Amino acid sequence: MGRKKLKIRRLEDLKARQAKYSKRKTGILKKAKELNILCEVDVALLFSSPSGRPTLFVGQNSTGLSSILKRLSNMSFEEREERRAYTIEMLKKIYENSESEFDLLSLPHATNADTLKLYEDELQELKDKLVEKSKILRDWRNPNNVEDLNQIKMMEDHLIASLNGLRSRRNQLAMEQQIRERELEGNENLET
């Protein structure tokens with residue numbers, strides 16, 4: 001008995017949605033790991049659950065997310081637009097073969113000048129936020145400089161992210177050490 005093809009649409013029941021998310025998340029993380037290992041490509045996935053909890057997966061590359069983001073930010077505007085056009089074409093082909101409807105009109109359409117202006121505005125906004133958050137994070141050592149709860153929340157998020165990064169690095173180093181120990185044991189066994 002084969003599997004039945006499901007129509008892709010939003011699940012109304014919150015519990016069913018959470019269960020489906022959990023199963024699908026496991027599957028997509030497994031596929032991302034396999035792609036990372038088999039093809040030696042940099043992989044980064046960021047998505048959030050129906051309850052709003054974010055999940056970040058970065059492949060086994062030692063530089064991780066920062067190298068991917070740096071490479072993306074160094075792409076020229078033309079390269080990004082070319083990449084975007086390619087992605088839209090691929091989506092069209094995927095949706096042609098499925099029963100789901102693909103609404104091309106829902107994708108943002110703009111001229112290159114409009115898109116460039118939009119990116120410049122977004123970049124300026126992000127730069128302003130970065131300056132503001134950097135100032136707050138510089139002053140985190142002195143609790144008397146805290147002006148509102150948003151600053152405390154941002155400091156807390158920064159600390160959590162730093163701790164998660166340290167845990168990840170510690171786990172990575174522990175795995176590398178275990179691999180080296182296994183290799184040494186294997187070499188010793190071969191010599192005897």
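Please read these numbers as outputs of a predicted model, since none were measured by experiment.
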Worksheet item: Is a donor on one side and an acceptor on the other found under 3.5 Å between the side chain of Ser22 and the backbone of Ala19?
Response: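 Not a single qualifying donor-acceptor pair exists.
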Discussion item. Between Thr87 (side chain only) and Arg83 (backbone N and O only), is there a donor and an acceptor less than 3.5 Å apart?
Written reply: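 It does hold such a pair.
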Just wondering, do [Y] and [X] contact through their side chains at under 4.5 Å, heavy atoms?
{"X": "Met75", "Y": "Arg71", "answer": "no"}
{"X": "Arg170", "Y": "Arg167", "answer": "yes"}
{"X": "Gln18", "Y": "Lys15", "answer": "no"}

Straight-line distance of [X] [atom1] to [Y] [atom2], nearest 0.5 Å:
{"X": "Leu72", "Y": "Glu79", "atom1": "CG", "atom2": "CD", "value": "10.5 Å"}
{"X": "Leu163", "Y": "Ser168", "atom1": "CG", "atom2": "OG", "value": "12.5 Å"}
{"X": "Ile179", "Y": "Leu184", "atom1": "CD1", "atom2": "CG", "value": "12.0 Å"}
{"X": "Tyr21", "Y": "Leu11", "atom1": "OH", "atom2": "CG", "value": "14.0 Å"}
{"X": "Thr26", "Y": "Arg24", "atom1": "OG1", "atom2": "CZ", "value": "11.5 Å"}
{"X": "Lys129", "Y": "Leu126", "atom1": "NZ", "atom2": "CG", "value": "6.5 Å"}

Under a single-linkage definition using a 4.5 Å side-chain heavy-atom cutoff for Ile, Leu, Val, Met, Phe, Trp and Tyr, are [X] and [Y] assigned to the same hydrophobic cluster?
{"X": "Leu46", "Y": "Ile28", "value": "no"}
{"X": "Ile37", "Y": "Val43", "value": "no"}
{"X": "Val41", "Y": "Phe57", "value": "yes"}
{"X": "Leu123", "Y": "Phe77", "value": "no"}

Discussion item. Could you walk me through whether Arg84 and Glu81 satisfy the salt bridge (charged side-chain N to carboxylate O under 4.0 Å, His left out) test, starting with their C-alpha distance in whole Å, then the side-chain angles of each, then the deciding distance to 0.1 Å, before giving a yes or no?
Written reply: CA-CA 5 Å; Arg84 181 178 164 275; Glu81 282 299 306; 3.7 Å; yes
Item to complete: Answer yes when Arg180 and Glu183 have at least one side-chain N-carboxylate O distance shorter than 4.0 Å, and no when they do not.
Response: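 Looking at Arg180 and Glu183, the cut-off is not met.
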Worksheet item: Quick one: do Glu12 and Arg10 make a salt bridge, cutoff under 4.0 Å?
Response: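 Yes, Glu12 and Arg10 are salt-bridged.
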Fill in: Arg17 vs Lys20, side chain to side chain contact (heavy atoms under 4.5 Å, CB included): CA-CA, chis, key distance, verdict
CA-CA 5 Å; Arg17 200 176 325 145; Lys20 183 66 74 177; 5.9 Å; no
Heavy-atom count around [X] [atom1] within 6.0 Å, excluding the residue itself: above 12?
{"X": "Met175", "atom1": "CE", "answer": "no"}
{"X": "Gln178", "atom1": "CD", "answer": "yes"}
{"X": "Glu82", "atom1": "CD", "answer": "no"}

Practice prompt. From the options Thr55, Val58, Leu56, Leu29, select the one residue that forms a side-chain contact (heavy atoms from CB on, under 4.5 Å) with Leu45.
Written response: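 The option that passes is Leu29.
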